[in-house]
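Chain letters run A, B, ... following the sequence lines, proteins first and then strands; every chain starts at 1.
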Amino acid sequence: MRYQTLFLSCLLLLVASCSEPPKKESSAKETGAAETEAQLVARALEIHDRVLTMDTHADTPLRMIEPGFDMSVRHDPNESGSKVDYPRMIEGGLDSIFFAAFVAQDIRDDEGDSRAKALAIQMIDATIESALANPDTVGLAQTPDDAIELEKQGKRAVYIAMENGYPIGSDLANVEVFYDKGVRYITLVHSTNNDLADSSTDSKGPEHEGLSQFGEEVVKEMNRLGIMIDVSHASDDVFYDTIAISEAPIIATHSNARAVTEHKRNMSDEMLKTIAEHGGVVQLTMYSAYLRAAPGNPKRDAAIAAARANMKPPSEMTNDERGAMRQTLNEINQAFPDPLATVQQAVDHIDYIVSVAGIDHVGIGCDFDGGGGIEGVFDASEVMNITIELVRRGYSEEEIGKIWSGNLLRVFREVQALAEQKATKAAV
Amino acid sequence: MEARKRAALCLVLLVYCVDLQAHALRLSLCQIEYASEKQQLTIELRLFLMDVNEALVFDPDNNELALGQPSEAPHAEGMLLDYLNRFFYIKANGKQLTLKIESKRLNGEGDNTALGLTFRYPSQEKLTSLEIKNAVFTDLFFDQSNVVYVHVDDDSRSLMLNKSTPAHKLIY
């Protein structure tokens with residue numbers, strides 16, 4: 001396994017580590033108190049290599065519909081914004097990933113629904129094609145064991161998911177259509193309310209006061225088929241409705257702890273405890289706004305204010321003058337970029353969720369290509385830095401294995417076992 | 001089930017990026033619809049108002065143009081069209097459509113306010129090709145992503161256009 005970006009990342013982490021003492025004693029017990037930073041990193045990378053790593057949320061299918069975008073080619077995230085491709089999964093030691101087909105909420109009528117379904121299927125097909133085109137590198141996965149088997153073959157596992165239940169429309173049969181296409185979790189709702197459920201962020205407020213009646217039917221159908229139910233983006237009421245209705249544990253594929261960072265998209269302590277009590281898992285996301293309160297950027301603000309103070313009224317500018325002003329502002333933004341959240345802040349959330357919900361109920365869903373990407377975990381090639389920070393804080397290999405995939409796979413197995421039970425019962 | 005609503009082209013994709021200050025993921029949405037029975041081509045463009053203000057007056061929070069509002073500045077639409085003509089076009093059957101805004105409207109609130117623009121064109125010819133360029137805001141943000149949904153009769157496709165791939169041609 002290659003770690004091309006490791007040196008720089010380790011350097012950053014070395015500096016950052018000085019302020020964060022380990023919270024557990026296990027690393028000292030295992031390695032002795034004199035372990036150097038280099039030894040710690042080497043140990044962490046060995047652990048990272050041994051455990052099955054899984055990222056439960058990437059919006060990379062959005063990239064796959066870019067004409068000419070090739071998942072087998074390494075992309076520079078600072079050039080294109082792309083955060084995941086197969087070479088970078090290999091570099092980062094990312095063994096498995098859920099690619100979520102996302103369709104924006106739009107008109108909620110038969111025509112809108114049918115278009116959303118067609119668009120979702122197109123994105124799923126693009127994901128399948130990209131995996132089939134790279135058979136030496138990746139394989140399509142549909143069961144928990146597929147990821148383990150593919151890792152043994154030296155391949156990355158590609159799971160398919162769907163973010164936003166909008167493409168289901170009002171036809172329950174579509175849930176099975178998507179299951180047959182390989183979808184193994186569905187995020188019930190996205191940034192605004194849909195026919196299934198209320199969103200946590202719809203500016204119009206709740207519409208169903210939780211799950212709609214149809215949303216309840218969808219949850220039961222997902223139980224029947226063996227599709228994991230994702231409550232990220234859903235309102236708190238939807239969360240509790242889903243917990244009450246689902247016979248299987250549920251997941252939040254990309255959400256953090258609200259007590260650490262106040263945001264509607266994050267989960268309260270009560271929600272963390274409840275999801276744990278029901279056997280579910282919260283997958284931590286690497287989205288700066290959900291990891292810390294946004295810091296100010298006073299140097300940039302001052303430089304931009306100065307540039308604006310000297311400019312002509314924009315409506316009187318020539319094209320050349322407009323171009324020059326744009327270049328000036330772009331240079332200021334490059335000189336003083338907004339600081340991203342850090343891997344330490346991300347692992348602060350993991351620590352907190354572990355303290356509230358327990359080690360068996362936390363995982364990782366980076367939200368790459370959907371806004372995710374922080375200092376030290378900017379793209380798929382840097383996910384090993386999460387493991388390094390976990391090791392630094394004293395997490396054991398067993399615990400790290402649970403966080404990276406064990407917990408999610410446990411839920412996945414329970415969801416599929418329930419579906420098998422239901423199928424057997426129905427057959428009898 | 002609750003009564004199903006026609007949710008008036010809510011801006012959903014645009015609130016995908018919840019925290020604009022974090023500039024997490026820059027997005028715009030373009031929806032192109034051609035219905036042969038109506039012989040009409042409709043283009044809906046949805047842009048964050050902050051991004052529009054940044055592009056036109058170099059200040060995301062400066063609302064002096066008041067686009068889509070009753071107090072819209074007289075020169076605002078002209079400035080917007082000048083900008084769009086540099087970064088956006090649609091060619092139907094090889095012929096570039098002249099951008100003329102039929103309507104403007106605002107959706108959402110605060111940093112997530114979106115400006116919706118509608119363009120509508122009669123089209124009596126059978127549609128054989130659509131070429132779309134959508135590089136809006138790629139001059140502001142290196143990672144701007146412009147999602148395009150194209151619905152031609154019963155055929156729906158989606159594209160992602162950006163700085164490196166600003167245009168694409170679909171054949172029908």
Checking [X] side chain against [Y] main chain: does a donor-acceptor pair fall under 3.5 Å?
X	Y	answer
B:Y149	A:A104	yes
A:R322	B:L56	yes
A:N333	B:F141	no

Point-to-point distance, once rounded to the nearest 0.5 Å, from [atom1] of [X] to [atom2] of [Y]:
X	Y	atom1	atom2	answer
B:N107	A:K204	CG	NZ	6.5 Å
B:L140	A:N330	CG	CG	7.0 Å
B:N112	A:S203	CG	OG	8.0 Å

Checklist entry - A:Q122 and B:S158: side-chain donor and acceptor closer than 3.5 Å? => result yes
Please classify the contact between [X] and chain B as side chain, backbone, both or neither, with a heavy-atom cut-off of under 4.5 Å.
X	value
A:E79	backbone
A:S315	both
A:M317	side chain
A:P313	neither
A:R308	side chain

Checklist entry - Would A:E66 and B:N162 satisfy side-chain contact (heavy atoms from CB on, under 4.5 Å), going step by step from the backbone distance to the final call? => result CA-CA 8 Å; A:E66 178 188 333; B:N162 52 31; 2.8 Å; yes
Which of the residues [options] is involved in the greatest number of heavy-atom pairs with chain A at under 4.5 angstrom?
options	result
B:D155, B:D59, B:V148	B:D59
B:H168, B:H151, B:R157	B:H151
B:A55, B:A76, B:S164	B:A55

Checklist entry - Ion pair present between A:D106 and B:R46, side-chain N to carboxylate O less than 4.0 angstrom? => result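 Between B:R46 and A:D106 there is a salt bridge, with a charged N closer than 4.0 Å to a carboxylate O.
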Item to check | Non-hydrogen side-chain atoms of B:S145 and A:L62 separated by less than 4.5 Å | outcome: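 SC-SC contact between B:S145 and A:L62 ruled out.
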Checklist entry - Below 4.5 Å, heavy atoms only, C-beta onward: do B:E33 and A:R115 meet side chain to side chain? => result yes
Checklist entry - How about A:D76: does its CG atom have over 12 heavy atoms from other parts shown lying under 6.0 Å from it? => result yes
Next on the checklist: Before you tell me yes or no, could you show the steps for B:S156 and A:K117 under side-chain contact (heavy atoms from CB on, under 4.5 Å), namely the whole-Å CA-CA distance, both residues' side-chain angles and the distance that decides it to 0.1 Å?
Outcome noted: CA-CA 9 Å; B:S156 292; A:K117 180 181 171 184; over 6 Å; no
